Enquirer: 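Structure below; questions to follow.
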Amino acid sequence: AKDPVRVLVTGAAGQIGYALVPMIARGVMLGPDQPVILHLLDIAPAAEALNGVKMELVDAAFPLLKGVVATTDVVEACTGVSIAVMVGGFPRKEGMERKDVMTKNVSIYKSQASALEKHAAANCKVLVVANPANTNALILKEYAPSIPEKNITCLTRLDHNRALGQISERLNVEVSDVKNVIIWGNHSSSQYPDVNHATVKVSSVEKPVRELVADDAWLNTEFITTVQQRGAAIIKARKLSSALSAASSACDHIRDWVLGTPEGTWVSMGVYSDGSYNVPAGLIYSFPVTTRNGEWEIVQGLSIDEFSRKKLDLTAEELSEEKALAYSCLS
Ligand code: NAX
């Protein structure tokens with residue numbers, strides 16, 4: 001049998017945490033033959049709720065779950081973990097300035113970066129979910145210089161999956177037959193969901209989404225805004241933000257990163273930009289990536305038309321501004 005892998009979930013007493021931890025304990029993230037030990041971190045005011053989550057994990061008697069460490073101590077939480085899913089953060093409340101929210105999150109991600117760097121397993125893979133996800137990941141990278149930059153990513157897979165879902169609904173095809181959409185840029189409403197290289201399998205032939213939808217007006221406007229605004233639509237409907245879809249997408253992100261993408265398929269991940277597609281280097285930006293042997297690689301050579309170029313640049317500009325704001329909050 002395999003040795004258990006220690007998986008950290010921060011913000012584990014929150015709503016995404018509540019959806020995510022049973023998925024991990026069931027093998028959705030690392031596979032049905034991979035035992036896990038869950039490390040759950042939250043802050044003191046949530047300690048009792050966190051303990052309740054631990055009790056439920058015990059009660060669920062998951063065969064793959066070999067232990068639960070539920071704690072409000074960052075060092076204990078980070079010790080020995082090979083996967084870190086960072087869901088905890090400071091939410092923006094009504095009337096709060098962007099700078100104040102950024103200051104809070106910068107300080108959280110700075111200190112959690114140091115704890116991970118000192119106490120996590122070598123080669124720990126990090127996924128930041130908490131918003132502003134790209135910039136939190138960038139701060140984490142800056143303050144954990146010994147963790148390889150390739151190991152620090154943020155979640156845009158939910159946006160990617162939302163785009164797949166919209167195409168599947170529109171064409172009335174199975175979502176598993178749609179592939180190779182791309183989310184470029186920031187996990188915010190400036191993101192660019194791009195279908196120019198996406199395909200649908202129709203009687204075992206891959207056909208371009210643009211050809212099948214045959215409605216560029218829809219693809220260039222409503223489709224894009226629906227994906228960009230989906231988070232807000234969920235809040236409006238549920239009075240709570242996305243949780244099960246965020247948790248499921250976080251599992252997809254880590255599973256594909258660790259176990260690899262299928263031949264001919266890419267996914268979207270927020271990763272440290274190397275300047276590919278003329279995106280400024282030094283941002284955490286969502287790109288199309290393929291993965292193999294636990295490493296991602298940006299898909300190269302895709303054609304970018306003028307319409308797309310503007311959208312790639314716009315979301316990069318927003319990320320550069322966020323980066324500047326984050327740095328101005330570091331003191
Ligand atoms: P909740 O408010 O339900 O849970 C957040 C939890 O984090 C709380 O239990 C809180 O006590 C804890 N926390 C706060 N500061 C902490 C710290 N310093 N260390 C450890 N834990 C801490 O929010 P939830 O709905 O679960 O969302 C979590 C985060 O995901 C938010 O930042 C949210 O904006 C972000 N999202 C990101 C998405 C993405 O695709 N990247 C989509 C879903 C989600 O909106």
Side-chain angles (χ1 to χ4, degrees), residues 8-21 23 39-54 69-78 84-93 96 98 101-116 126-140 153-163 183 185-191 193 227-236 238-254 267-271 284-286 322:
L8 167 65
V9 176
T10 73
Q15 38 144 20
I16 294 176
Y18 192 74
L20 178 60
V21 294
M23 292 182 190
H39 286 219
L40 312 180
L41 176 71
D42 213 295
I43 49 178
E48 200 182 347
L50 185 68
N51 193 47
V53 174
K54 180 180 175 176
V69 178
T71 181
T72 56
D73 178 49
V74 165
V75 170
E76 189 186 6
C78 292
V85 187
M86 315 300 285
V87 185
F90 195 89
R92 185 166 182 178
K93 294 178 188 146
M96 257 184 106
R98 248 180 98 211
V101 188
M102 188 66 89
T103 304
K104 300 262 190 206
N105 283 300
V106 161
S107 99
I108 292 171
Y109 278 82
K110 198 173 152 183
S111 66
Q112 294 186 352
S114 309
L116 277 173
V126 182
L127 166 61
V128 177
V129 176
N131 282 314
N134 301 54
T135 301
N136 286 343
L138 187 65
I139 296 298
L140 199 154
T153 64
C154 82
L155 187 71
T156 56
R157 182 62 175 271
L158 174 56
D159 308 295
H160 180 101
N161 288 344
R162 284 167 172 165
I183 302 299
N186 200 359
H187 167 69
S188 75
S189 55
S190 78
Q191 65 176 253
V227 175
Q228 289 172 333
Q229 307 291 339
R230 189 69 161 180
I234 301 289
I235 293 175
K236 190 159 178 281
R238 232 170 65 82
K239 322 290 180 245
L240 285 169
S241 55
S242 319
L244 84 85
S245 55
S248 180
S249 301
C251 289
D252 288 347
H253 177 114
I254 297 287
V267 294
S268 303
M269 281 171 69
V271 298
I284 301 271
Y285 189 98
S286 179
E322 269 188 25

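Keep in mind the model is a prediction, meaning the values are calculated, not measured. As the structure lists them, so they are numbered: ligands from 1, and atoms in each ligand from 1. Atom set for the values below is all heavy atoms of this structure, side chains included, hydrogens, waters and symmetry mates excluded.
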Enquirer: So which bit of Q15 gets within less than 4.0 Å of ligand 1, heavy atoms only: side chain, backbone, both or neither?
Expert: both
Enquirer: Starting from atom 21 (N) of ligand 1, which protein heavy atom do you reach first, and at what distance in Å?
Expert: G11 N, 3.4 Å
Enquirer: When you compare ligand 1 with D159, is there at least one nitrogen or oxygen pair between them that comes in under 3.5 angstrom?
Expert: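 No; the residue has no nitrogen or oxygen that sits under 3.5 Å from a nitrogen or oxygen of the ligand.
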Enquirer: Hey, is ligand 1 close enough to A133 that some N/O pair sits below 3.5 Å?
Expert: no
Enquirer: Checking a contact table here: which protein heavy atom is nearest atom 4 (O) of ligand 1, and how many Å away?
Expert: G14 CA, 3.2 Å
Enquirer: Which ligand 1 atoms are under 4.0 Å away from a heavy-atom of A246?
Expert: 43 (C)
Enquirer: How far apart are the C-alpha atoms of L116 and L140, what are their side-chain angles, what is the distance that settles it, and do they pass the side-chain contact (heavy atoms from CB on, under 4.5 Å) test?
Expert: CA-CA 9 Å; L116 277 173; L140 199 154; 4.2 Å; yes
Enquirer: Please check this pair: side chain of S114 against backbone of K110, looking for a donor-acceptor N/O pair closer than 3.5 Å.
Expert: yes
Enquirer: Out of I16, V9, V128, L20, whose heavy atom is nearest to atom 44 (C) of ligand 1?
Expert: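 Residue with the shortest heavy-atom distance to the ligand atom: I16.
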Enquirer: Would you say S249's side chain and S245's backbone share a donor-acceptor pair under 3.5 angstrom?
Expert: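 Yes: the side chain of S249 pairs with the backbone of S245.
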Enquirer: Work out whether the distance between some heavy atom of G231 and some atom of ligand 1 is less than 4.0 Å.
Expert: no
Enquirer: Could you tell me which atoms of ligand 1, counted from 1 in the order shown, lie closer than 4.0 angstrom to a heavy atom of V87?
Expert: 28 (C), 29 (C)
Enquirer: Counting only non-hydrogen atoms of the protein, does one fall under 4.0 Å from atom 23 (O) of ligand 1?
Expert: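 Protein heavy atoms within 4.0 Å of atom 23 (O) of ligand 1 - there are none.
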Enquirer: Of the non-hydrogen atoms in L127 and L155, which two are nearest, and what is the gap between them?
Expert: CD1-N, 3.4 Å
Enquirer: Report, in ascending order of atom number, the atoms of ligand 1 lying under 4.0 Å from any heavy atom of I108.
Expert: 18 (N)
Enquirer: Any sub-3.5 Å donor-acceptor pair from Q229's side-chain atoms to S189's backbone N or O?
Expert: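 No, the answer is negative, given that no donor and acceptor are paired below the 3.5 Å cut-off.
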Enquirer: To the nearest 0.5 Å, tell me how far N136 CG sits from N105 CG.
Expert: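 Separation between the atoms: 4.5 Å.
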Enquirer: What protein heavy atom is closest to atom 40 (O) of ligand 1, reported as residue, atom name and distance in Å?
Expert: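 Sorting protein heavy atoms by distance from atom 40 (O) of ligand 1 puts H187 CE1, 3.1 Å first.
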Enquirer: Under 3.5 Å, sequence neighbours excluded: what are the donor-acceptor pairs made by side chains of residues 40-53?
Expert:
unit_1	atom_1	unit_2	atom_2	d
D42	OD2	A12	N	3.4
D42	OD2	A13	N	3.0

Enquirer: List the closest protein heavy-atom neighbour of atom 42 (C) of ligand 1: residue, atom name, distance to the nearest 0.1 Å.
Expert: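 Looking only at protein heavy atoms, the one closest to atom 42 (C) of ligand 1 is L158 CD2, 3.7 Å.
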Enquirer: Does any N or O of ligand 1 fall below 3.5 Å from an N or O anywhere on D42, backbone included?
Expert: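 By distance alone, the answer is yes.
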Enquirer: Examine the proximity of ligand 1 to A130 and report which part, side chain or backbone, both or neither, has a heavy atom under 4.0 Å away.
Expert: both
Enquirer: Would you check the N or O atoms of V129, main chain and side chain alike, for any that come under 3.5 Å of an N or O of ligand 1?
Expert: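 Yes - when backbone and side-chain N and O of V129 are compared with those of ligand 1, one distance drops under 3.5 Å.
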Enquirer: Do you know the tightest heavy-atom contact between R162 and G231?
Expert: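 Closest approach of R162 to G231: NH2-CA, 3.6 Å.
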Enquirer: Take L20 and V9, measure what side-chain contact (heavy atoms from CB on, under 4.5 Å) needs, and give me the verdict at the end.
Expert: CA-CA 9 Å; L20 178 60; V9 176; 4.1 Å; yes
Enquirer: May I ask you to decide if H187's main-chain N or O and S286's side chain share a donor-acceptor pair within less than 3.5 Å?
Expert: no
Enquirer: Would T156 and Q191 count as a side chain to side chain donor-acceptor pair (under 3.5 Å) if you check the C-alpha gap in whole Å, the side-chain angles of each, and the deciding distance to 0.1 Å?
Expert: CA-CA 9 Å; T156 56; Q191 65 176 253; over 6 Å; no
Enquirer: From the options G89, S107, P45, select the one whose nearest heavy atom is closest to atom 15 (N) of ligand 1.
Expert: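 Shortest heavy-atom distance from atom 15 (N) of ligand 1: G89.
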Enquirer: Under 4.0 Å from atom 2 (O) of ligand 1, do we find at least one protein heavy atom?
Expert: no
Enquirer: May I ask whether S241 has any heavy atom positioned less than 4.0 angstrom from an atom of ligand 1?
Expert: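 In this structure, S241 qualifies as a contact of ligand 1 - some heavy atom is under 4.0 Å.
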Enquirer: Who pairs with T71 by side-chain hydrogen bond (donor to acceptor under 3.5 Å, both in side chains), at least two apart in sequence or on another chain?
Expert: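 Residues passing side-chain hydrogen bond (donor to acceptor under 3.5 Å, both in side chains) with T71: E76.
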Enquirer: Is ligand 1 less than 4.0 angstrom away from at least one heavy atom of A13?
Expert: yes
Enquirer: Would you say Q112 and ligand 1 have an N/O pair spaced under 3.5 Å apart?
Expert: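 N/O-N/O distance under 3.5 Å: yes.
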Enquirer: Closer than 3.5 angstrom, by distance alone: can the side chain of N134 be matched with the main-chain N or O of G185 as a donor-acceptor pair?
Expert: yes
Enquirer: Atom 16 (C) of ligand 1: which of N131, L41, I43 has the nearest heavy atom?
Expert: I43
